[in-house]
Amino acid sequence: MNRTATSILLVMVLACVAVARDWNIRFSEDYDPRQQIRLVVMPTQISTKLKRVEPRTVSALLSTELLREYDVLDLTRFEKYLADRKLSSLEQAFSVKGQPVVIDSASLDAITNIEVYRWDEGVAGNILSAQKGSIGVRVTLTEPYSGTVLWSINLLDKVKGGSDFLVAITGVFRDLVSDLQKENERLAKRLDKQDELAAKALDKEADRLAREREKEEEERERERLAEEKRQSQILERVAMAEGSMFKDIKEANEAAPILKEFSFMTEPVVVDTVEVSTPLPFYYQNGEDKAVDRVERRRRRPTSMSKPEEENTKATSVKNGNSPG
């Protein structure tokens with residue numbers, strides 16, 4: 001007697017334990033649950049065993065549950081919206097012709113398709129005689145024109161024996177959306193973490209590039225200062241040349257292009273019988289070099305005649321009756 005009572009109690013406990021759902025949820029890499037999605041649920045594809053069930057009724061049941069997670073357009077109102085724009089069917093709406101209306105006007109991002117591929121209502125009865133039924137449902141969220149499946153959910157579940165289909169599918173949709181919300185939250189957190197790491201990596205790379213640019217600019221500045229110093233040393237050696245600013249005409253011609261690079265001021269420089277137009281270096285303007293005064297005095301005094309020219313001048317003076325003195 002005790003053994004029979006124990007067996008009955010065990011059966012009752014097992015019957016009360018909830019049967020785990022066999023979910024299969026897959027997300028596309030293009031799916032981001034953090035973005036707002038506007039969708040419409042298409043008419044359901046019904047199993048042949050459910051001939052008396054209206055497909056649009058099943059779609060309406062899922063639309064009601066999806067409102068907890070998405071912006072859902074009512075199918076009937078959506079069809080009326082299309083008809084007002086001379087799109088007579090859903091097939092025509094999701095063709096190339098209807099794309100401007102669906103995407104631009106209706107701002108629709110995705111469509112939801114439902115397929116009920118299995119239904120077995122089971123057998124009602126007491127604990128010992130009842131047999132559970134089963135239901136198989138596949139739901140997908142798809143971009144209407146690219147065909148990209150954003151997520152896909154496949155559910156094969158047990159139902160109470162003798163259950164009504166609409167009651168059973170309502171419970172399935174309710175649990176489906178609840179689990180979808182949890183998965184969306186987990187995915188959103190994972191994407192946030194990935195974005196945070198990516199942002200840090202981008203900031204680190206930007207800092208590295210900025211440091212490299214700064215080093216390049218510093219190097220260019222050092223090169224520029226070194227070149228200025230080199231040019232200044234050249235000019236100083238030229239200005240300090242013994243006896244004149246240039247040793248000879250050849251050196252003056254060679255130095256002229258270098259001097260022109262320092263375009264602080266441009267004045268003619270007279271060297272014997274050669275006049276070179278060249279900018280004066282900075283120390284000429286500041287008056288800090290002793291050679292400056294010497295060069296300036298040379299420029300101010302008349303250019304001396306060469307010996308042949310002086311003899312020709314004296315001879316001309318004697319011929320004209322003028323004394324050479």
Side-chain angles (χ1 to χ4, degrees), residues 23-47 53-117 136-155 169-170 172-196 198-199 202:
W23 295 101
N24 184 4
I25 304 178
R26 296 183 179 181
F27 293 104
S28 167
E29 293 181 355
D30 299 326
Y31 177 64
D32 189 344
R34 300 169 299 179
Q35 298 177 353
Q36 184 176 6
I37 296 178
R38 195 177 201 191
L39 60 86
V40 64
V41 181
M42 304 294 286
T44 305
Q45 299 179 26
I46 298 293
S47 171
V53 177
E54 173 59 41
R56 291 172 178 267
T57 302
V58 180
S59 300
L61 292 174
L62 180 59
S63 296
T64 302
E65 297 298 332
L66 286 175
L67 282 171
R68 292 186 281 152
E69 191 70 5
Y70 302 105
D71 181 11
V72 182
L73 290 175
D74 179 73
L75 179 59
T76 303
R77 294 179 61 185
F78 179 63
E79 288 177 319
K80 184 178 183 303
Y81 179 86
L82 297 175
D84 293 340
R85 287 153 183 79
K86 300 181 180 180
L87 296 173
S88 57
S89 64
L90 293 173
E91 289 75 13
Q92 190 177 14
F94 295 114
S95 64
V96 177
K97 178 182 178 181
Q99 183 171 355
V101 175
V102 174
I103 299 296
D104 300 333
S105 299
S107 300
L108 190 71
D109 301 308
I111 58 176
T112 302
N113 293 297
I114 309 170
E115 178 189 1
V116 179
Y117 60 86
V137 182
R138 183 179 295 108
V139 183
T140 58
L141 184 69
T142 308
E143 292 182 349
Y145 298 101
S146 67
T148 301
V149 178
L150 299 178
W151 53 251
S152 174
I153 302 176
N154 186 33
L155 170 66
I169 198 68
T170 299
V172 167
F173 286 159
R174 181 176 58 251
D175 295 340
L176 183 150
V177 174
S178 296
D179 289 344
L180 178 62
Q181 285 180 312
K182 296 176 183 178
E183 292 297 327
N184 280 340
E185 290 176 0
R186 281 194 286 265
L187 179 58
K189 290 181 180 179
R190 185 165 71 248
L191 293 176
D192 285 339
K193 185 63 176 179
Q194 292 175 357
D195 290 351
E196 181 182 355
L202 290 174

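Values reported hereafter were calculated over all heavy atoms of this structure, with side chains retained and with hydrogens, waters and symmetry mates removed.
- Interatomic distance, CD1 of I111 versus CD of E143, reported as 10.5 Å (0.5 Å rounding).
- At a threshold of 4.0 Å, the pair E185-K182 does not count as salt-bridged, since none of the basic side-chain nitrogens sits closer than that to a carboxylate oxygen.
- More than 12 heavy-atom neighbours from other residues, nucleotides or ligands sit within 6.0 angstrom of CZ on R68.
- Between F27 and E183 there is a side-chain heavy-atom pair separated by less than 4.5 Å.
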Mind running side chain to side chain contact (heavy atoms under 4.5 Å, CB included) on T148 and S28 for me, showing each step along the way? CA-CA 8 Å; T148 301; S28 167; 4.2 Å; yes
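- Contacts of R174 classified as salt bridge (charged side-chain N to carboxylate O under 4.0 Å, His left out), with partners at least two apart in sequence or in another chain: none.
- Atoms CH2 and OG1, on W151 and T142 in that order, are 8.5 Å from each other to the nearest 0.5 Å.
- Separating the CD atom in E115 from the CG atom in N154 is a distance of 9.0 Å, to the nearest 0.5 Å.
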Before giving the answer on side chain to side chain contact (heavy atoms under 4.5 Å, CB included), spell out for L90 and L82 the whole-Å C-alpha distance, their side-chain angles and the decisive distance to 0.1 Å. CA-CA 8 Å; L90 293 173; L82 297 175; 4.0 Å; yes
Check the pair L62, I169 against side chain to side chain contact (heavy atoms under 4.5 Å, CB included), reporting the backbone distance first and the verdict last. CA-CA 9 Å; L62 180 59; I169 198 68; over 6 Å; no
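- The heavy-atom pair separating P144 from I103 by the smallest distance is CG-CD1, 4.4 Å.
- Residue pairs meeting the side chain to side chain donor-acceptor pair (under 3.5 Å) criterion with at least one member in residues 89-99, sequence neighbours excluded: S88-Q92.
- Side chains of Y70 and N184 form a contact here, defined as non-hydrogen atoms less than 4.5 Å apart.
- Of all heavy-atom pairs spanning Y117 and L155, the tightest one is OH-O, 3.6 Å.
- Note that R85 lies in the cation-pi zone of Y81, set by a 6.0 Å cut-off to the ring centre and a 45° limit from the axis.
- Exactly one residue among L141, V139, L176, T112 makes a side chain to side chain contact (heavy atoms under 4.5 Å, CB included) with L66. That residue is T112.
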Just distance, no hydrogens or angles: give the donor-acceptor pairs under 3.5 Å from side chains in residues 35-47, sequence neighbours left out.
{"from": "R38", "atom 1": "NE", "to": "D71", "atom 2": "OD2", "distance (Å)": "3.3"}
{"from": "R38", "atom 1": "NH1", "to": "A106", "atom 2": "O", "distance (Å)": "2.8"}
{"from": "T44", "atom 1": "OG1", "to": "P55", "atom 2": "O", "distance (Å)": "3.3"}
{"from": "T44", "atom 1": "OG1", "to": "S59", "atom 2": "N", "distance (Å)": "3.4"}
{"from": "T44", "atom 1": "OG1", "to": "S59", "atom 2": "OG", "distance (Å)": "3.0"}
{"from": "S47", "atom 1": "OG", "to": "K49", "atom 2": "N", "distance (Å)": "3.4"}

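- A pairwise comparison of heavy atoms in L108 and F78 identifies CD2-CZ, 4.0 Å as the closest pair.
- Counting heavy atoms of neighbouring residues, nucleotides and ligands inside a 6.0 Å radius, atom CD of E29 does not exceed 12 of them.
- The two residues L187 and R190 have their closest heavy-atom pair at CD1-NH2, 2.9 Å.
- Taking 4.5 Å as the limit, every side-chain heavy atom of L67 sits out of range of all side-chain heavy atoms of V177.
- Shortest non-hydrogen contact noted between V58 and F173 is O-CE1, 3.6 Å.
- In this structure, P33 and A188 approach most closely via the heavy-atom pair CG-N, 3.9 Å.
- Taking CD1 of I25 as the reference point, atom CD1 of I153 lies at 4.5 Å (rounded to 0.5 Å).
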